[in-house]
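Here the structure is a predicted model, which is why all the values come from computation and not from measurement. All heavy atoms count here, side chains included; hydrogens, waters and symmetry mates do not.
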Amino acid sequence: ITDPRQRVLNTIRNIPDWPEKGVTFRDITPVLQDPVCFRSLIDIFVYRYMRTRIDLVAGVDARGFIVGSVLAYELNVGFVPVRKKGKLPFDTLCEDYELEYGTSSVEIHTDAVRPGQRVLLVDDLIATGGTMLAASRLLQRLGANVVEAVCIIDLPELGGSKLIEEEGLNVFAVCQ
Ligand code: PRP
Ligand code: HPA
C-alpha cells in the first residue's frame, strides 16, 4: 500500500522549461484527475484539521480554490476566495506582492472574515512565499487568526516557507 503523501508526490507532473526556460513547473492536474489520489490528498488535510477549531477555509486564486473548497466542505465550514485583483465585485482590501518580474495583487471582500475567526489559508504551492504572505496579510487585516498556511507542494530551495514561518505563520505542506 502506497503512503498517501508518496502517492501525491509520485503523481505530480514536472514540466521542464515552463512557463519559461529553466523553470520546472509542478503540475497538480494529474492529482486532481485521479480519484484515488485526489481523495488521498484531501484526506491528508481532513485528518490533520478535523480535531482543530477552524471557522473558515480561505483559498488562493486559482488552484487554491480547487483544494480549499473541497476541504471546507469536508470540515463543514465556509469557504472564502482570495482573488487576483479586479475579480471580486463587493468592497475589497488589496495587497501587492513581488513576482520574479514586477508585482501582482490579491484581494478579499471586506466582509469575508469576522475578527477572531480561525482561518486555514490554502494554496497549491509555495515558491517565494509572496502570494501566501499577501493572502495572510489580507486575512490579518480583517482580524482573522490564520491557523496555518496549507499547501500541496513546498519548494524549500526558494525560501518561501522559511519566510512565512519567520512571519510567525506555520506552514503545512504535503510534499517538498
Ligand atoms: C502560483 C501558485 C501560487 C503562487 C506561488 O500561482 O499557484 O499561488 O504561484 O508562488 P509564490 O510562492 O512565489 O508567490 P500563479 O501566480 O502562477 O497564478 P495562477 O494561479 O493564476 O496560475
Ligand atoms: N507550479 C505551480 N505554481 C507555481 C510553480 C509551479 O511549479 N512555481 C511557481 N508557482
Side-chain angles (χ1 to χ4, degrees), residues 1-19 23-84 106 108 112-113 117-136 138-139 144-176:
I1 303 165
T2 317
D3 167 60
R5 285 187 178 216
Q6 194 62 47
R7 182 193 292 279
V8 172
L9 181 60
N10 293 345
T11 309
I12 292 163
R13 175 163 56 188
N14 298 323
I15 313 279
D17 299 319
W18 200 91
V23 173
T24 302
F25 191 83
R26 315 293 166 164
D27 175 20
I28 63 160
T29 62
V31 175
L32 306 174
Q33 197 173 346
D34 172 352
V36 176
C37 196
F38 190 23
R39 182 169 293 275
S40 298
L41 172 68
I42 299 299
D43 285 349
I44 292 167
F45 295 136
V46 171
Y47 286 122
R48 182 171 178 85
Y49 298 110
M50 63 194 296
R51 286 176 203 83
T52 307
R53 206 195 101 208
I54 304 290
D55 297 312
L56 279 174
V57 175
V60 182
D61 196 350
R63 288 173 290 271
F65 294 171
I66 301 168
V67 176
S69 62
V70 179
L71 180 58
Y73 180 89
E74 285 295 325
L75 294 176
N76 282 300
V77 300
F79 176 81
V80 160
V82 172
R83 292 220 66 179
K84 298 280 161 63
V106 281
I108 194 167
V113 180
Q117 282 193 303
R118 292 171 56 83
V119 181
L120 265 190
L121 176 57
V122 181
D123 202 354
D124 65 326
L125 178 140
I126 295 172
T128 68
T131 308
M132 203 63 116
L133 276 175
S136 133
L138 287 175
L139 291 166
N145 179 351
V146 184
V147 174
E148 213 156 47
V150 185
C151 63
I152 306 169
I153 308 154
D154 174 33
L155 304 177
E157 68 279 15
L158 296 182
S161 49
K162 185 164 175 281
L163 199 65
I164 294 166
E165 294 201 318
E166 281 166 1
E167 294 288 319
L169 178 56
N170 201 54
V171 171
F172 175 70
V174 173
C175 41
Q176 298 197 320

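Here the closest heavy-atom approach between residue Ala135 and residue Leu121 is recorded as CB-CD1, 3.8 Å. Residues Ile164 and Gly129 approach most closely at CD1-CA, 4.1 Å, considering heavy atoms. Closest approach of Ala112 and Leu56 over heavy atoms only: O-CD1, 3.5 Å.
Put simply, OG on Ser136 and CD on Glu148 are 12.5 Å apart, with the number rounded to the nearest 0.5 Å. The distance from atom OG1 of Thr128 to atom CG of Leu158, rounded to the nearest 0.5 Å, is 7.5 Å. One finds the CG atom of Asp43 at 10.5 Å from the CG atom of Leu71 (value rounded to the nearest 0.5 Å). Distance check: Arg26 CZ to Ile15 CD1 gives 10.5 Å after rounding to the nearest 0.5 Å. Taking CG from Leu32 and CD1 from Ile42, the interatomic distance works out to 8.5 Å, rounded to the nearest 0.5 Å. Atoms CG and CD1, from Asn145 and Ile54 in turn, are 9.0 Å apart once rounded to the nearest 0.5 Å.
Counting heavy atoms from C-beta on, the side chains of Glu74 and Phe45 never come closer than 4.5 Å. Within the 4.5 Å cutoff, the side chain of Asp55 has heavy atoms near those of the Arg53 side chain. Considering only heavy atoms from C-beta on, Ile12 comes within 4.5 Å of Cys175 through its side chain. Residues Thr52 and Leu120 fail the side-chain proximity criterion, which asks for heavy atoms closer than 4.5 Å. Residues Met132 and Val171 fail the side-chain proximity criterion, which asks for heavy atoms closer than 4.5 Å. In this structure, the side chains of Ile153 and Ile28 come closer than 4.5 Å at one or more pairs of heavy atoms. Within the 4.5 Å cutoff, the side chain of Ile108 has no heavy atoms near those of the Val106 side chain. In this structure, the side chains of Ile44 and Phe172 come closer than 4.5 Å at one or more pairs of heavy atoms.
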Sequence neighbours excluded and cut-off under 3.5 Å, please list the side-chain donor-acceptor pairs for residues 76-83, or say none.
residue, atom, partner, partner atom, Å
Arg83, NE, Asp61, OD2, 3.4

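Within 6.0 Å of atom CD in Gln33, 12 or fewer heavy atoms from other residues, nucleotides or ligands are found, so the atom counts as exposed in its surroundings.
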Pair Val57, Tyr49 - check side-chain contact (heavy atoms from CB on, under 4.5 Å), show working. CA-CA 11 Å; Val57 175; Tyr49 298 110; over 6 Å; no

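Listed by chain and residue number, nothing satisfies the salt bridge (Lys or Arg N to Asp or Glu O under 4.0 Å) test with Asp3 (two or more places apart in sequence, or in another chain). Residues meeting the ring-ring contact (aromatic ring centres under 6.0 Å, His included) test with Phe25, sequence neighbours left out: Trp18. Applying the side chain to side chain contact (heavy atoms under 4.5 Å, CB included) criterion to Thr11, with sequence neighbours excluded, gives Arg7, Pro30, Val31, Cys37.
Each salt bridge (charged side-chain N to carboxylate O under 4.0 Å, His left out) pair with one or both residues in residues 119-129, not counting sequence neighbours, appears once here: Arg63-Asp124. Annotation: salt bridge (charged side-chain N to carboxylate O under 4.0 Å, His left out) contacts involving residues 158-175, sequence neighbours excluded, comprise Lys162-Glu166.
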